[in-house]
Colleague: 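Dumping the structure here so I can ask a few things about it.
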Number of protein chains: 2
Amino acid sequence: MRLFSENGYTGTGVSELGEAAGLARGALYYYIGSKEALLAEIHDRVMDPLLAEAKLIAAMDIGSRARLRLLSESLLWQILHRPDNVWVFLHEYRHLEGEHRAQFREKRRAFETYVGTALEEGRQSGEVVTSDPDLTTLAFFNLHNYTYQWQAGHPGLEVEKLASFYCAILLRGIGAVEQPDDPELRDELTKGRSVLAALRSA
Amino acid sequence: MRLFSENGYTGTGVSELGEAAGLARGALYYYIGSKEALLAEIHDRVMDPLLAEAKLIAAMDIGSRARLRLLSESLLWQILHRPDNVWVFLHEYRHLEGEHRAQFREKRRAFETYVGTALEEGRQSGEVVTSDPDLTTLAFFNLHNYTYQWQAGHPGLEVEKLASFYCAILLRGIGAVEQPDDPELRDELTKGRSVLAALRSA
DNA sequence: GTCTATAGGGTGATAGAC
DNA sequence: GTCTATCACCCTATAGAC
């Protein structure tokens, strides 16, 4: 995980992995089968706990705000407490091919469904106000997943506080999306866009 | 840009680049100097227009809500209209070293300052309510930047609509962050966390 | 289980012919 | 400006000795 996160999947050789593990190439292949199988294993070590917790959360008899918060905390726990593992998970997934890729996509889709379902449940109970549940689900993952990029430069981040921050933004914020811009703002935006359009065509 | 975004920077050979450009390696090196200089050039082609537009936006005599929206539209225009270029920009920046890396970091920092300044301006005028401007700036980039990951699978996205969505979430949402959780929610969260803690220790 | 040897093919970069 | 030849090295994976 450390080597893949530091030098990238393609940028890390099996010799380096063996050196870090205290094994020569041959012995390493005896255990991992292939470099790609090792990458798949790393992805499973993020996805499997995430899905196990999401399944528990989905079965809880709680409101959808609490369900979303717990899903948020699960995801952020991985991101903040296993940064190398999550970096590989979110950054190198495209190098999975064939069956590895299919399994990974299915697990990701399953987790996204847990979040989407919680949001839809909240929409029906009135706890979440949104006219575009799909875009709201995407915004949920924008907020959470990109955290892996800057997390290392901001020590002291706490799972529960960050989950509270992200969920507050989402649950309160999306309710405002349908409000049309007021006339003054519309006017300023129109002017500004025309100035920028001039720059782009120049 | 296409090859780097499809196969990664490390996963693309200079021969492949030459083949795509209709040149042999020798001729390609005559133009690009090195593989890393090509990567730096790709980064500049995103950052330079972004900074030019941000400078114009900062000089406009408009409210901070409009300023943030225009910054959001600038960034989303790059993300939605130049996906390959932005993929490399957001995904491969770590492979820049030395002077290339320093210049890139400085440009990124400059753009982040434009956004941070607009948010701070809004905080002082009362248009933006937040007790943690730094975390709000990070949330702005979470929402925008991660869009490059799923943008290709969602055709028909429009810059102005998505900017309106993201900014509405942020500007309305962050005002809610300071509100403490109500007792019922706190109770549900406590119970849920204890269930998950049992899973983790098992 | 762990090793070395080997296969077969890449890599980035440069020198020098044309 | 563009090419080929070359340098020195790295790659994933497997075979077979021990």
Colleague: Can you measure Leu28(A) atom CG to dC3(C) atom P for me and round it to whole angstrom units?
Modeller: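 Taking CG of Leu28(A) and P of dC3(C), I get 10 Å after rounding.
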
Colleague: Each nucleotide in nucleotides 4-18 of chain D should get exactly one letter: B, S or -. Can you fill that in based on protein heavy atoms under 4.0 Å?
Modeller: B------SBBB----

Colleague: How many Å lie between CG on Leu38(B) and P on dA13(C), as a whole number?
Modeller: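 To the nearest whole Å, that distance equals 11 Å.
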
Colleague: Taking salt bridge (Lys or Arg N to Asp or Glu O under 4.0 Å) as the test, write out the residues that go with Asp84(B), two or more places apart.
Modeller: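 With sequence neighbours excluded, Asp84(B) shows a salt bridge (Lys or Arg N to Asp or Glu O under 4.0 Å) to no residue whatsoever.
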
Colleague: Please list all pairs meeting salt bridge (Lys or Arg N to Asp or Glu O under 4.0 Å) that have one or both residues in residues 41-56 of chain B, counting only residues at least two apart or in different chains.
Modeller: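 Residue pairs passing salt bridge (Lys or Arg N to Asp or Glu O under 4.0 Å), neighbours aside: Arg200(A)-Glu53(B), Glu41(B)-Arg45(B), Asp44(B)-Lys107(B), Asp48(B)-Lys107(B).
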
Colleague: Strictly by salt bridge (Lys or Arg N to Asp or Glu O under 4.0 Å), give each pair with a member in residues 136-156 of chain B just once, sequence neighbours left out.
Modeller: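 Qualifying pairs: none.
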
Colleague: When the distance from CG of Leu23(A) to C1' of dT4(C) is rounded to whole Å, what number comes out?
Modeller: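 Those two atoms, CG and C1', are 14 Å apart.
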
Colleague: Roughly, in whole Å, what's the span from OH in Tyr30(A) to P in dT4(C)?
Modeller: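 Checked: the OH to P distance equals 18 Å.
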
Colleague: Tell me, which pairs form a salt bridge (Lys or Arg N to Asp or Glu O under 4.0 Å) where one or both residues lie in residues 16-34 of chain A, sequence neighbours left out?
Modeller: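 Output for this query is empty, none listed.
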
Colleague: For Arg94(B), which residues count as a salt bridge (Lys or Arg N to Asp or Glu O under 4.0 Å) partner, sequence neighbours excluded?
Modeller: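 Not a single residue meets the salt bridge (Lys or Arg N to Asp or Glu O under 4.0 Å) criterion with Arg94(B).
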
Colleague: I'd like to know if Glu120(A) pairs up with Arg123(A) as an ion pair, taking the criterion as any Lys NZ or Arg NE/NH1/NH2 lying under 4.0 Å from an Asp or Glu carboxylate oxygen.
Modeller: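 So Glu120(A) pairs with Arg123(A) through a salt bridge.
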
Colleague: State which of dG1(D), dC3(C), dG1(C) makes the closest approach to the side chain of Tyr31(A).
Modeller: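 Looking only at heavy atoms from C-beta outward on Tyr31(A), the closest nucleotide is dG1(C).
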
Colleague: How many whole angstroms separate atom CD of Glu19(B) from atom P of dG10(C)?
Modeller: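 In whole Å, dG10(C) P and Glu19(B) CD are 11 Å from each other.
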
